[in-house]
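Working notes, structure below.
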Amino acid sequence: MQGRHYAAFAAAGFAAVLTASAANAQETYKIGISAGLTGYAATVDRAWRDGVELAAAAINAKGGVNGRKLEVIVEDNRSEPQEAVTVYRKMLTSDKVNIFISGCVSAGNFAAAGLVVRAQVPMVLCSILPQQPDQVKWAFSTLPPAGFEITKRYEYLKNKTNIRKVGVLHDPTPYANLQKGVAEKAAAEYGIEVVGVEQYKQDDADLSVQIAKMQAAGAGAILKIGLGGTTLTAAKNIKQLGSNLLLLTSLEDIAVFKPVADVLGDKFFFVASPSQVFDALPDGALKTEIGRFLKPWHAKFTDRDPNWASRGWDGVMLTVAAIEKAKSFDGPAVRDALEQLTGFQGTTGVYNMSATVHQGLTVNPFFIATIANGKPKVVE
Amino acid sequence: MTLPNTTSTERAGLLLRAWPLQLLPWAVSAAIVGYAFIVGGYVATVIAFALVYVVFVTGLNLFMGFANQVSFGQNAFAGLGGYASAILTTTYNWPVLPAMIAGIVLAVVIALIIGYPTLRLKGHYLAMATLAIGLITYEIAVEWQSMTQGYLGISGIPPLGIGSYEIISDRGQLAILSIVALLAVFIAARIKSSRMGRAFLALGASENAALALGINVSRTKLIAFLTAAAFAALAGALFVHVVGYVSPEVFGLHMVILGFTMLYVGGIGSIAGPLIGALLISLLPEVLRGFKDYQDLFYGTALILLLIYAPRGLAAFFERRERTGSAS
Amino acid sequence: MTAAPARILETQALTARYGHVQALSAADIHVCAGELVAVLGPNGAGKSTLLRAILGLASTTGTASFHGEPLPRQDPVAVSSRGVVLVPEGRGIFGPMTVSENLQLGAYRLRGDKAEYGRRLARVLALFPRLGERLSQTAGSMSGGEQQMLAIGRALMSDPKILLLDEPSLGLAPRVIAEIMEKLALLRDEGLPILLVEQKAPAALKLAQRAYVLVLGRIVACLDPRDLSSHDDLAKYYFH
């Protein structure tokens with residue numbers, strides 16, 4: 001009977017998976033990654049994973065940390081919270097990972113946070129931090145505060161242009177919503193007025209209504225918050241409307257911006273992370289650290305955008321620093337040490353953690369850039 | 001049909017051979033849950049989700065398997081049940097049980113408002129309308145941020161429990177979910193053998209014939225829809241209290257696809273189908289996890305093989321074709 | 001014509017349309033107490049439409065009345081509760097269910113009355129003893145003739161006051177058709193009026209008191225079967 005066969009096969013296979021992972025008891029420090037390797041987060045999370053693996057390899061090449069090699073275990077959460085809970089659980093109980101350096105599916109990280117905290121395993125995340133205080137205690141983020149991308153753009157408008165009225169165009173993701181909130185609150189500080197706030201969806205094929213509305217309200221520039229193909233859509237719509245609006249978009253894979261620059265030319269600006277404008281950086285600690293990362297990155301992935309991967313790299317380096325500081329691999333000890341890391345030079349900037357600050361980038365690391373001759377260029 | 005040809009002419013012998021076959025899906029299910037209970041850990045999490053899906057798919061089966069209607073929107077009612085219970089327990093500090101009940105009531109009321117006009121539609125039109133219900137509910141969960149917190153989701157949802165007694169342990173959760181899932185399956189079996197259940201089946205076999213017998217087809221359809229919505233809402237509420245977190249993606253289209261897969265692989269229209277389907281489809285990716293990048297490939301292949309060799313689902317493998325029709 | 005007995009079922013200028021297509025034009029027919037009336041006609045003549053119109057399922061003008069009172073429109077449940085019961089074309093039995101469950105569904109409106117249920121079941125099983133042997137078998141696994149018997153038996157379980165049959169001979173062997181017609185004659189003789197829609201004229205004409213001929217949506221003739229000397233007489237209506 002096929003039915004019986006199948007059931008037997010399923011049971012045997014399941015048992016095999018469990019015992020295989022339990023038998024592998026070599027002394028390594030295990031890093032678990034719950035990443036959306038498929039689904040909406042795939043681009044970002046695959047880059048994040050590659051950054052983590054690159055960093056682990058670099059550490060292992062130097063002999064590991066405190067006598068242990070790093071071992072990276074990746075599970076695909078399909079960008080779904082339910083899958084994330086399953087894979088977190090799998091890595092906790094079957095793989096017995098020591099720390100999570102997980103990707104950008106915030107809902108997945110939130111959904112699993114409860115059980116990760118109960119297991120006393122720290123998390124260093126690509127996404128924003130969970131909301132519950134007991135969960136924040138165990139979670140750290142390499143993500144720059146939502147306001148940085150906004151204030152950098154305001155700074156630019158204030159210092160370099162005479163535009164004082166802007167429109168905010170954002171998608172409904174949590175990070176975009178946080179930024180929108182900052183955009184509304186911080187505008188006055190820079191003498192800027194937000195004359196319109198419009199929302200769009202990631203799969204919208206036309207944004208001309210939103211753009212026309214903001215233009216009619218007197219906006220001279222649009223702050224676009226959100227990832228993906230909609231940036232090109234917005235650019236095309238601005239051009240179709242024959243408008244003089246400037247478009248300032250958020251941090252994104254550089255590859256997305258090249259066609260946008262073709263459409264809008266010098267009316268297009270974007271927020272860039274340091275690793276994206278490496279050549280333009282002055283010599284110093286930041287450039288050195290990015291250089292350490294970019295060398296193997298370029299060797300392996302040539303000119304693939306380094307932004308997300310560089311934060312994954314930082315996640316591993318923060319962890320290694322915490323282990324060295326704690327002189328322990330123990331979960332609570334590493335957590336405590338992570339919380340005390342200050343002045344830590346990462347590829348995205350300097351991390352200053354504390355008991356109240358778990359999102360450690362406290363100095364705005366960003367630049368405003370344009371595309372010139374197909375290459376990103378910092379605008380002064 | 002699938003019974004092995006028996007040389008024994010003795011009736012008792014035939015019965016003895018037929019019984020274990022019918023019981024096999026139940027025995028396999030019990031073995032899977034029992035295994036999870038003993039091993040605990042990550043297996044327990046997988047099976048806990050599977051048991052929540054047993055409830056969801058059992059409801060779907062009432063509407064699709066018995067009444068032979070189509071709904072791509074049952075995730076909407078799971079979402080309503082889940083969000084209502086999540087919001088009532090976190091924002092308004094309700095106890096878990098009343099919050100879950102309120103969630104189910106809300107879902108049924110919404111199902112009534114939606115179902116009354118929608119169920120007049122047939123076939124593709126009904127399918128499209130239900131799909132829209134699912135998408136609209138998802139959008140509301142995203143947009144109504146003051147209530148749902150949008151994509152950020154609601155965290156800190158209390159676990160299942162009664163009064164001050166909270167069930168946090170894996171085994172405790174597994175035990176309570178097993179009871180609820182069995183209860184759902186039992187209720188479905190009772191419905192199937194009831195007068196209303198026969199009306200579901202009649203309407204599923206032929207609307208015209210059902211009409212000719214004086215069965216109020218639109219009302220029967222509506223009742224099937226509401227019952228399925230109640231099951232979905234219960235599943236949604238169970239889910240949020242088991243995980244402790246809810247966001248719109250939890251009740252996205254993903255849930256519909258998974259539910260359909262479980263229903264068809266398990267055996268649409270049968271009682272044991274949703275049970276065995278939910279358990280095996282939940283286990284399958286975990287069994288195949290070792291294949292890493294090829295996991296999806298093997299999963300897809302396994303599904304195709306199942307549908308080729310068991311087109312009426314796994315439960316149909318074990319069902320006797322001749323049923324003893326004792327009238328209740 | 002005999003001394004006019006009470007008209008049980010009567011239609012007056014009953015007209016039905018599907019969109020712009022008029023499928024039935026001003027049909028006047030009636031069925032009296034104790035009668036089996038046949039409606040004959042070629043495929044697509046509007047025979048099934050006539051039945052749907054009587055049951056109020058098609059969009060109609062004109063009237064269909066039962067015991068002198070008009071039958072409700074667009075409310076098949078109310079029509080069947082008046083005792084006007086259809087055995088649909090293609091039998092409409094519930095294949096995956098057992099014979100017993102099919103019969104239970106026939107008595108759907110009876111609810112809990114076990115005694116009455118038993119009486120009706122006994123009557124059906126007396127008429128169709130073969131169903132009694134197959135009570136626990138799934139209906140779909142029976143032969144076509146048995147399925148037709150089940151369809152009629154299931155309709156009888158609702159205790160109809162008039163039976164409407166839509167092509168019960170469809171897809172059956174002549175021997176089986178004869179058996180079914182025999183049972184219908186028995187029912188008629190017990191006093192159940194029957195309106196029988198058929199394409200196969202000979203079988204129906206053998207037991208009908210009166211036969212209407214329906215062609216292209218119009219009643220073109222009302223015949224007394226005894227007056228028909230040969231079936232060629234009927235053919236002239238079909239092909240006029």
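All figures in this text were calculated on a predicted structure; none of them were measured in a lab. Numbered from 1 within each chain, the chains take letters A, B, ... in sequence-line order.
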Check: residues 179-187 of chain C side-chain donor-acceptor pairs under 3.5 Å, at least two apart:
from      : atom 1 : to        : atom 2 : distance (Å)
Glu179(C) : OE1    : Arg130(C) : NH2    : 3.1
Glu179(C) : OE2    : Arg130(C) : NH2    : 3.1
Lys183(C) : NZ     : Leu127(C) : O      : 2.9

- Note on the structure: Correct closest heavy-atom pair for Ser80(C) and Leu213(B) would be OG-C, 4.2 Å
- Query: Shortest non-hydrogen contact from Arg109(C) to Arg195(B)?
  - Reply: CA-NH2, 3.9 Å
- Note on the structure: Looking only at Ala202(B), Ala205(B), Ala199(B), Ala210(B), most heavy-atom pairs under 4.5 Å shared with chain C are made by Ala202(B)
- Could you tell me which non-hydrogen atom of Phe94(C) sits nearest to which non-hydrogen atom of Ala209(B), and how far apart they are? CE2-CB, 3.9 Å
- Nearest-0.5 Å distance that lies between atom CG in Leu55(C) and atom CG in Leu211(B): 9.5 Å
- Message: Surrounding CZ of Phe186(B) (heavy atoms of other residues, nucleotides or ligands, distance under 6.0 Å), is the total greater than 12?
- Response: no
- Just checking heavy atoms, which of residues 214-223 of chain B are less than 4.5 Å from chain C? Gly214(B), Ile215(B), Asn216(B)
